Amino acid sequence: MIVRTRFAPSPTGFLHIGGARTALFSWAYAKKHGGDFILRIEDTDVARSTPEAVQAILDGMHWLGLDYNEGPFYQMQRMDTYKKTLQKMLADGTAYYCYCSKEELEALRESQMQQNLKPRYDGRWRPEADKVLPTPPQDVPPVIRFKNPQTGNVVWQDLVKGEISIANQELDDLIIARADGTPTYNFCVVVDDWEMGITQVIRGDDHVNNTPRQINMLMALGATIPQYAHLSMILGNDGQKLSKRHGAVSVMQYDEDGYLPEAVLNYLARLGWSHGDDEVFSLQQFCEWFDLDHITPSAAQFNTEKLNWLNAHYIKLASTDYLVNDITKRLAKLNVVVSEQPQLSAVIDLYKERVHTLNELATNIAYFYQKPVIDEAAAEKHLTAETKLVMDSLTSLLKAVDWQAEHIHHAINEVVTQYQLKFPKVAMPLRVLLTGIAQSPSIDQVMVLLGRDEVIARISHWN
RNA sequence: GUCCCCAUCGUCUAGAGGCCUAGGACACCUCCCUUUCACGGAGGCGACCGGGGUUCGAAUCCCCGUGGGGACGCCA
């Protein structure tokens with residue numbers, strides 16, 4: 001049987017890190033088994049779905065490189081199918097009209113809560129063999145409810161959590177079509193998963209409680225039941241649940257913040273899944289290794305520091321061409337115009353082993369293309385009156401030196417000897433003058449790239 | 001409240017009854033490298049939630065407790 005998995009987000013917001021991981025695992029499972037990965041947009045909540053959100057999800061998946069074999073399918077465009085199925089269920093007696101008003105339902109829920117009962121529909125419009133149903137009120141447009149079995153258990157082997165069993169007594173007759181006729185989530189999922197031939201439903205574990213209902217409907221329809229794999233959630237850095245108002249950000253924010261997609265992917269892959277002691281691996285390797293047996297059933301806390309470490313690793317690996325292209329854009333955002341000299345590629349090569357993010361890289365090299373702002377603390381510490389003299393001597397030497405790291409180094413050494421100083425005594429003030437701060441790569445390397453004129457200008461600018 | 005799920009270093013995790021004196025990674029600390037800061041290298045600190053069973057033997061299986069999370073919408 002061909003594996004078919006799907007990612008089915010609702011377009012009510014951006015693609016966040018949890019959704020991205022769900023998509024990644026679902027995608028990887030299909031890839032691993034040579035199957036198909038389907039994208040389905042669950043937009044039946046018309047009030048909250050937006051085209052912008054659809055685009056944001058598409059953008060996020062594109063950035064991560066999660067391509068799909070089919071879709072995107074939009075549930076709002078599949079109404080005919082749902083309605084047909086609804087009619088069939090009404091005809092079969094597996095669904096029925098319910099004329100309860102929202103107020104009535106609200107009152108019911110209220111009283112159940114007060115009695116410490118689990119709030120649920122009491123089945124007052126559920127047809128039974130010898131039951132006399134009330135007369136339908138004229139002013140209440142009916143909803144359609146699924147006639148859920150009342151006895152027995154729904155049991156499935158969850159591919160992540162193992163056997164899960166829920167008693168039908170815990171379930172009520174859920175609404176599968178609203179009063180306006182539009183079908184609801186649990187019903188659409190069932191129809192779609194069935195019609196699209198989904199073999200493994202890989203989704204967040206907030207859906208565990210929906211699963212028995214969906215299985216019951218699938219059975220009522222005579223459909224094949226897919227396998228289910230429920231992924232635990234991802235918590236924020238502080239161990240708190242991620243939500244719109246607490247820490248949840250779009251995956252595109254990671255792009256903004258200077259993360260490489262391969263770093264985010266690698267990090268996400270390792271969050272809740274493992275392959276022995278392996279930490280760093282390519283997407284391709286991940287697809288070969290991926291399985292559902294090694295997914296942790298418990299929630300995982302996001303850790304930006306580990307992401308940073310991975311990102312640093314992937315920046316070191318990134319091609320210079322890629323980095324030049326990317327960093328040019330980031331510098332432009334900082335209002336830094338990249339000139340011909342020094343060559344951006346050379347500057348990047350000098351810095352790319354020292355940073356955790358692309359933004360850090362851009363920020364750190366900005367001084368090559370614009371005058372540095374001298375850090376006050378650094379200036380106070382290193383730019384003392386006596387060093388002024390040393391810098392002057394150095395300037396004279398630099399004017400004549402062959403502009404290569406080796407010779408520049410020699411020149412510095414000469415001054416070091418002349419004034420009987422330690423090397424850093426000359427290098428540090430130079431650093432501050434040239435870069436604005438007290439940390440940089442090898443100072444002679446920096447000078448080579450900066451160019452003789454600029455170096456001398458920056459030194460003499462000190463007054 | 002009811003139902004469901006979860007529980008190994010601070011964090012991500014390895015672990016399928018003996019290989020566990022519990023392994024790896026991030027972070028942290030120390031040292032080395034060094035021209036500052038990084039990078040890199042070598043070490044170090046650091047965990048099986050508690051209690052009962054089962055077993056010759058339990059991080060691993062079972063039960064109870066505790067803690068955390070999720071669900072209980074004409075949202076998805």
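Throughout, protein chains are lettered first and strands after them, A, B, ... in sequence-line order, and every chain is numbered starting at 1. These figures come from a predicted structure and were not determined experimentally.
B:A16 is unpaired under the Watson-Crick or G-U wobble criterion, no partner having all donor-acceptor distances under 3.5 Å. Taking a pair to require two hydrogen-bonding distances under 3.5 Å in either a Watson-Crick or a G-U wobble arrangement, B:U35 remains unpaired. Remark: B:A27 base-pairs with no nucleotide in the shown strands. Criterion, Watson-Crick or G-U wobble with two distances under 3.5 Å. Across all strands shown, B:A71 is found opposite B:U2 as a Watson-Crick or G-U wobble partner, with both distances under 3.5 Å. Remark: B:A7 base-pairs with B:U66. Criterion, Watson-Crick or G-U wobble with two distances under 3.5 Å.
Each of A:V160 and A:V355 was matched to the nucleotide of RNA chain B holding its nearest heavy atom; the match closer to the 5' end belongs to A:V160. Place A:T44 and A:A427 on RNA chain B by their nearest nucleotides, and A:A427 ends up nearer the 5' end.
Residue A:E279 is in base contact, counting any heavy-atom pair closer than 4.0 Å across all strands shown. Residue A:S232 is out of contact with every strand shown, counting any heavy-atom pair closer than 4.0 Å. In this structure, A:V208 reaches the sugar-phosphate backbone alone: every heavy-atom distance under 4.0 Å involves primed, P, OP1 or OP2 atoms, never a base. As judged by a 4.0 angstrom heavy-atom cut-off over every strand, A:K102 is placed among the base-contacting residues. Residue contacts shown for A:A300 are limited to sugar-phosphate atoms, with no base heavy atom under 4.0 Å away. Heavy atoms of A:I175 sit under 4.0 angstrom from at least one base atom. Among the heavy atoms of the strands, none lies under 4.0 Å from A:H230. Among the protein residues, A:G272 comes within range of the sugar-phosphate backbone only, with heavy atoms under 4.0 Å from sugar or phosphate atoms but none that close to a base. Among the protein residues, A:M113 comes within range of no part of the nucleic acid, since none of its heavy atoms lies under 4.0 Å from any strand. Among the protein residues, A:C98 comes within range of no part of the nucleic acid, since none of its heavy atoms lies under 4.0 Å from any strand. No engagement by A:P212 is indicated, since no non-hydrogen atom pair under 4.0 Å with the nucleic acid exists. When heavy atoms are screened at a 4.0 angstrom cut-off, A:P297 is found touching the sugar-phosphate backbone but no base atom. Note on A:K422: nothing from the nucleic acid sits closer than 4.0 angstrom, heavy atoms only. Base engagement by A:S440 is indicated by at least one non-hydrogen atom pair under 4.0 Å involving a base atom.
Nucleotides B:U8 and B:A59 place their P atoms 15 Å apart, quoted to the nearest Å. Nucleotides B:G1 and B:G53 are separated by 30 Å at their P atoms, to the nearest Å. A gap of 13 Å separates the P atoms of B:G10 and B:G50, to the nearest Å. Rounded to a whole angstrom, the distance from the C1' atom of B:C9 to that of B:A27 is 12 Å. Comparing B:G23 with B:G44, their P atoms are spaced 11 Å from each other, to the whole Å.
Remark: the A:N308 side chain and the A:Y259 side chain contain an N/O donor-acceptor pair separated by less than 3.5 Å. There is no side-chain donor-acceptor pair under 3.5 Å between A:Y185 and A:D45. Judged purely by distance below 3.5 Å, without hydrogens or angles, the side chains of A:N359 and A:T357 never pair a donor atom with an acceptor atom. The closest side-chain donor-acceptor pair between A:D349 and A:T320 falls under 3.5 angstrom. Between the side chains of A:S393 and A:Y419, a donor-acceptor pair is found at a separation under 3.5 Å. A:N266 and A:E262 form no side-chain donor-acceptor contact under 3.5 Å, judged by distance and modelled atom types alone.
Proximity of the aromatic rings of A:F37 and A:F7 is defined here by a centroid distance below 6.0 angstrom, and this criterion is not met.
When the nucleotides B:G24, B:U35, B:A27 are ranked by their closest atom to the side chain of A:I443, B:U35 comes out on top. Checking B:C26, B:A14, B:G23 against the side-chain heavy atoms of A:N303 singles out B:C26 as nearest. Side-chain atoms of A:K306 lie closest to B:G24 of the nucleotides B:A14, B:G24, B:C6. Candidate nucleotides B:A14, B:A71, B:A76 were compared by shortest atom distance to the side chain of A:N209, and B:A71 ranks first. Side-chain proximity of A:S298 to the nucleotides B:C39, B:C6, B:C26 is greatest for B:C6. Proximity note for A:H207 (side chain, C-beta onward) versus B:A27, B:C12, B:A76: the nearest is B:A76. The side chain of A:M233 sits closest to B:G70 out of B:C72, B:G70, B:U36. Of all nucleotides listed (B:C3, B:G15, B:U11), B:C3 comes nearest to the side chain of A:E170. Here the nucleotide nearest the side chain of A:K118, chosen from B:G23, B:C4, B:G1, is B:G1.
At least one side-chain nitrogen or oxygen of A:S274 sits closer than 4.0 Å to the OP1 or OP2 atom of B:A14. Put simply, A:R109 has a side-chain N or O that comes within less than 4.0 Å of OP1 or OP2 on B:G73. A sub-4.0 Å separation between OP1 or OP2 of B:G70 and a side-chain N or O of A:K241 is present. For A:H313 and B:C39, the shortest distance from a side-chain N or O to OP1 or OP2 is not below 4.0 Å.
Rounded to whole Å, the distance from CG on A:L268 to P on B:U11 is 19 Å. The interatomic distance linking A:D192 (CG) with B:A76 (P) rounds to 13 Å, in whole Å. Atom CG in A:L235 sits roughly 16 Å away from atom P in B:C6 (whole-Å rounding). If you measure from atom CZ of A:R6 to atom C1' of B:A76, you get 11 Å, rounded to the nearest angstrom. Atom CZ in A:R431 sits roughly 10 Å away from atom P in B:U35 (whole-Å rounding).
Using a cutoff of 4.0 Å between basic side-chain nitrogens and carboxylate oxygens, A:D193 and A:R40 are scored as salt-bridged.
Between the base of B:A71 and the side chain of A:N210 there is no donor-acceptor pair shorter than 3.5 Å. Counting atom types as modelled, A:R270 pairs no side-chain N or O with a base atom of B:U13 as donor and acceptor under 3.5 Å. No hydrogens or angles were tested; on distance alone, nothing pairs the side chain of A:D206 with the base of B:G70 as donor and acceptor under 3.5 Å.
Under a cutoff of 6.0 Å and an axis angle of 45°, A:R213 and A:F146 do not form a cation-pi pair.
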